[in-house]
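Data block below; observations after.
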Amino acid sequence: MKELSAKYNPSEVEDKWYSRWMEKGFFHSEPDGREPYTIVIPPPNVTGILHMGHVLNNTLNDVLIRKARMDGKNACWVPGTDHASIATESKVVARLKEQGISKEDLTREEFLRHAWQWKEEHGGIILKQLRKLGASCDWDRTRFTMDPDLSDAVISTFVHFYKKGLIYRGVRMVNWDPVGLTAVSDEEVIHKDTPSKFFHLRYYVSDGNGGRTDKYIVVATTRPETIMADAAVSINPDDERYHWLKGKTVLIPLINKEIPIIEDSYVEIGFGTGCLKVTPAHDVNDYAIGMRHNLPITDIIDDHGRLNENAVILIGEDRFVARKKIEKMLAEAGLLEKVEDYISPIGYSERTDAVIEPKLSTQWFLKMEDLAKVALDSVESGRTKLIPDKYRNTYRHWMENVRDWCISRQLWWGQRIPAWYLPDGTIVVEENAEKALAAAQKIDPALTAADIHQDEDVLDTWFSSWLWPISVFDPELPGHPDHKPNADLAYYYPTNDLVTGPDILFFWVARMIMAGDEFLGKEPFSNVYLTGIVRDKIGRKMSKTLGNSPDPLDLIAKYGADAVRIGMLLCSSAGNDIFYDESQVEQGRNFCNKIWNSYRLITGFAVSETAEQPAASAAAVEWFKAKLSSTIEAVEDHYSKFRISDALMAVYRLFWDDFCSWYLEIVKPAYEDGKPLPMDKATYDATIGFFDALLRLIHPVMPFITEELWQDLAPRGENETIMFAKTPAAEAYDPAILSDFAFAEEVIVAIRGICQQKNLLPRQALSLLFTGFFPERDAAVIKKLALVDSVEEGKASGEGVSFMIGTSELFVPLGGLVDTAEEIAKTEKELDYQKRFLDSVRKKLSNEAFTSRAPEAVVAAERKKEADALSRIASLEAQLDTLRNL
RNA sequence: GGAAGAUUAGCUCAGCUGGUUCAGAGCACCUGCCUUACAAGCAGGGGGUCGACGGUUCGAAUCCGCCAUCUUCCACCA
């Protein structure tokens, strides 16, 4: 037995075991006869680095996968990364800029070379970091959403939906990101209340010849820089204030362009001035009004958010600069009535934080109506369970109001849309250029490859990640529903559980359900566990800019991976936000140390083949066996409900309180002549067995320390690992063993309390008298831990301290050490409490309504309370008598 | 503007279909201990009108209504 230090040193242990696990291929899974248990990782951005959110998510994933593995299932956790088109592309653009290279100066191919280079250098760092956390992913299965075959799957999917008539190309008002220079989907727009200004502008009524009359109306707008794109001013047809305007035209301020007055009930009479400037090119609603009234569309803002030549004035100015300048111009021209402060909801790009510009552009869309119905039904019917359940409401709302998905992005990093344009504008959609040419030649046999050109845009990242649970196993399948799933897909799909954040419930989870149904007719997973957001102690989101996010790797280096995992789980009740605090990680570290030291104690025991098993040890072994089983039951129940932190807490208390503080203290051998006596073999074997079970029980949350100690606990074979040891199973037990021991614990705590209170230090042996129930089987335990040398049935007599547990009366004689007056006062107080309690019970029982209507069991319980109280009162009165006669 | 959820000890939470003395856990706190596994520890202890007000019921932390506060999601009022 080697000498173990008093402190657990995680860093040397962790690297050792992780490399062993890797070397042995313990994480790798292949289809076999066992039941599969599968999780696909929510793929982090390929260029991302590990943050606390990942730690939470991947710890939970790893706990589930390790638990399943020990339950005897064929556990497979597929890792990988996401190409995250807009996020990665903007990083690459930024790096090129640092090198003095502008994206505009590069060809698509040159840019992609840089991007791939960047991916090779920085990609996958996060996966390496996950290993430090102990994540037991099947690294042989690592996937990237832009692996060639996965990209093919994305392309096939596009072709599939196009040919099915669900994908169309059209001019629509989209959310334009003027910094990312791409359209983004509705879900990628974040609305934030933003302080802005409400400008009241004068629009003069035209005299019909391009000149103005002296009448004018006031139009309120937050975007005066768009007036040059106005196509009309609208009033509500029922607004009597403006009936005189009907049929007239007005002049756009500054540029004096004549535009009509139109009537549309969209305009609210009570809002603003009741006059709405209609700017179809730059506002979603105005676009709709424009369509209704056949208004011309003037687009005055370019892709970068600058005014273009259509604007007539302020050409080339940024939209916000233009707003300031035009305010001044309007004021100088006497056309600015007033300016009010105003809070308006402004859309921002999730990725670049740029103010979204509603913009007309030609984009590709996927019809969502039918897909959303399927995805909604899956959750409503319970085939896909959301945990916690409250997200169902949000989910339903989203699914019922979903709009078509804008899937094209004006980027280069991603899967290029497989659509080719013929010279006459005809579109052919095929999986590659050859097929496209062939299709084109069917239309016009004279065409050559040079005559057709491919769409420049790429697909939304989520259009690839929604295939993730399928394509990681069988990239051939998506888009080819007649293709027979390969062996991996057939075995691992559907996966079991998905752990992810609620922020991507719609982006990702819902769409995976759609894709799963489309291609396999089956949901991709049965349970979706939605974690909370990791916040700091005072509730702020963790963010780089606030600097309140610790680097997980630093934490692991300082406290150990097991401690970090514990710290994270301790504060993570499902569905609630996580208030992270380093003290929780400290608690995790302390727990590791506790386990470590209990191991030092146990392995230090000397064993005697001949020694008799002491009665206390026999009782302790019997009790802990039952306690272990009852806790295993509780833990299994918690796991089945995804209450991971409760499962952890149950084992934590079992290990620390029950095993260390009670069990080990009971079986710990006494000392004689400064040396510990050897332990009997029966107790020793039982103890080792318990420790082994405890390690296995807690391995899913603390993989490293458990492997280290489990390997050392007994001789293990080269290929043995706790990872594949079985989850301990609960055995039948007599519940009386547990209740008896609980009683004994109360006795011991009471006696210890008396000793501390009476200052009986150093401790001296006491005797104990009892009347009423007493757990004989634990008498020896009480003697040992409470330092009592005799336990006898008998009434209190002489000086001493009485206490009651249940209806039993216990008495510790303490001649000369007791303040009788104090004991009398204490007993009187207790008696008074019992009497009042009795009164309340009797009041209940004398209520006819209660006895007649409450269930029998409840009434019986009340009657027992009454009887117990009476018995206690009798005891207390007897005690008082004794005390008063001293 | 609409919707959902939350409110229990100093902090983070549990308390499942109302009913055992139901008001709990962990951490923090207080007191005493460096007792030969562990001071990152041991032993003992204090602490809450279950957000407010009404209602249903024999009985409410638990069910219903309303109010307050917080969080989140959704939303095209210029």
Side-chain angles (χ1 to χ4, degrees), chain A residues 4 6-8 173 191 198 219-223 234 266-268 270-279 283-288 342 344-345 347 358 388 390-395 397-398 401 502-503 505-506 532-533 537 539 559 563 570-573 575-579 581 583-584 586-587 589-604 641 643 645-646 649-650 652-653 660-661 664-665 668 671 674-676 749 752-757 759 761-763 833-834 837 840-841 844 847-855 857-862 864-865 868-869:
Chain A
L4 294 175
K7 302 255 191 291
Y8 169 58
M173 197 54 115
H191 292 273
F198 214 15
V219 173
T221 179
T222 53
R223 302 202 59 190
S234 179
Y266 168 79
V267 181
E268 293 241 352
F271 190 84
T273 61
C275 296
L276 170 71
K277 75 186 206 60
V278 181
T279 318
D283 183 278
V284 180
N285 299 304
D286 292 8
Y287 178 71
Y342 186 70
S344 58
K390 66 177 178 186
Y391 286 106
R392 272 174 59 169
N393 291 318
T394 331
Y395 183 88
H397 187 260
W398 193 79
N401 296 287
D503 49 331
L505 184 56
F506 312 128
I533 296 164
K537 210 161 122 183
Y559 297 103
L570 277 175
C571 55
S572 63
S573 54
N576 291 329
D577 281 356
I578 313 305
F579 292 86
D581 183 38
S583 70
Q584 289 147 344
E586 276 180 43
Q587 195 185 339
R589 182 221 27 208
N590 294 353
F591 186 40
C592 290
N593 211 40
K594 186 72 187 175
I595 295 174
W596 182 257
N597 278 297
S598 64
Y599 182 74
R600 285 175 65 213
L601 174 67
I602 290 166
T603 48
K641 293 171 181 150
R643 296 161 64 137
S645 63
D646 288 347
M649 193 43 71
Y652 179 93
R653 293 175 61 194
C660 294
S661 300
L664 288 179
E665 291 304 324
K668 201 193 261 184
Y671 273 71
K675 278 193 289 188
V749 167
R752 281 171 176 167
I754 290 164
C755 290
Q756 185 155 330
Q757 218 181 347
N759 239 328
L761 285 170
R763 292 286 305 276
Y833 174 81
Q834 291 297 339
F837 175 68
S840 77
V841 173
K844 219 176 197 181
N847 182 348
E848 218 276 318
F850 172 72
T851 46
S852 62
R853 293 195 209 185
V858 174
V859 177
E862 290 301 317
K864 177 153 191 320
K865 280 189 210 168
D868 288 355

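Just so it is clear, the values below take in all heavy atoms, side chains as well, and ignore hydrogens, waters and symmetry mates. Here is the naming used below: chain letters follow the sequence lines, and residue numbers restart at 1 for every chain.
Separating the C1' atom of B:U49 from that of B:U12 is a span of 23 Å, rounded to the nearest Å. Atom name P, nucleotides B:G51 and B:C11: the rounded distance is 14 Å, in whole Å. Spacing of C1' atoms, B:A52 relative to B:G65, comes out at 14 Å, to the nearest Å. Nucleotides B:G26 and B:G19 place their C1' atoms 28 Å apart, quoted to the nearest Å. Using P as the reference atom, B:A61 and B:A9 are 15 Å apart when rounded to the nearest Å. For the C1' atoms, the distance from B:G2 to B:C22 is 39 Å, rounded to whole Å. With both ends at atom P, the span from B:U20 to B:C13 equals 26 Å, rounded to whole Å. Across B:G15 and B:U56, the matching P atoms stand 29 Å from one another, rounded to whole Å.
Looking at the side chain of A:Asn393, the nearest of the listed nucleotides B:A4, B:A25, B:G44 is B:A4. Relative to the side chain of A:Asn590, the nucleotides B:C77, B:G19, B:G41 differ in distance, and B:G41 lies closest. The side chain of A:Glu268 sits closest to B:C77 out of B:G26, B:G19, B:C77. Of the candidates B:A78, B:G44, B:C76, B:A78 carries the atom nearest the A:Thr221 side chain, counting heavy atoms from C-beta on. When each of B:A25, B:A78, B:C27 is scored by its nearest atom to the side-chain atoms of A:Gln587, the top-ranked nucleotide is B:C27. Counting only heavy atoms from C-beta on, A:Tyr266 has its side chain closest to B:C76 among B:G44, B:G26, B:C76.
For A:Tyr652 and A:Gln584, each mapped to the nucleotide of RNA chain B holding its nearest heavy atom, the one lying further toward the 5' end belongs to A:Gln584.
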List, with names and distances, any nitrogen or oxygen atoms from the protein found under 3.5 Å away from nitrogen or oxygen atoms belonging to nucleotides 36-39 of chain B.
{"unit_1": "B:A37", "atom_1": "OP2", "unit_2": "A:Tyr671", "atom_2": "OH", "d": "3.1"}
{"unit_1": "B:A37", "atom_1": "O2'", "unit_2": "A:Asn597", "atom_2": "OD1", "d": "2.8"}
{"unit_1": "B:A37", "atom_1": "O2'", "unit_2": "A:Arg600", "atom_2": "NH1", "d": "2.8"}
{"unit_1": "B:A37", "atom_1": "N7", "unit_2": "A:Lys668", "atom_2": "NZ", "d": "3.4"}
{"unit_1": "B:A37", "atom_1": "N6", "unit_2": "A:Glu665", "atom_2": "OE2", "d": "3.0"}
{"unit_1": "B:A37", "atom_1": "N3", "unit_2": "A:Asn597", "atom_2": "O", "d": "3.0"}
{"unit_1": "B:A37", "atom_1": "N3", "unit_2": "A:Ser598", "atom_2": "N", "d": "3.3"}
{"unit_1": "B:C38", "atom_1": "O4'", "unit_2": "A:Asn597", "atom_2": "OD1", "d": "3.2"}
{"unit_1": "B:C38", "atom_1": "O4'", "unit_2": "A:Asn597", "atom_2": "ND2", "d": "3.4"}
{"unit_1": "B:C38", "atom_1": "O2'", "unit_2": "A:Asn597", "atom_2": "ND2", "d": "3.4"}
{"unit_1": "B:C38", "atom_1": "O2", "unit_2": "A:Lys594", "atom_2": "NZ", "d": "3.0"}
{"unit_1": "B:C38", "atom_1": "N3", "unit_2": "A:Lys594", "atom_2": "NZ", "d": "2.8"}

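At the heavy-atom level, A:Glu848 lies nowhere under 4.0 Å from the strands shown. Among the protein residues, A:Ala220 comes within range of the nucleic acid bases, having at least one heavy atom under 4.0 Å from a base atom.
Put simply, OG on A:Ser344 and CZ on A:Phe198 are 9.0 Å apart, with the number rounded to the nearest 0.5 Å.
At B:A40, none of the side-chain N or O atoms of A:Arg589 fall inside 4.0 Å of OP1 or OP2 (strictly under the cut-off).
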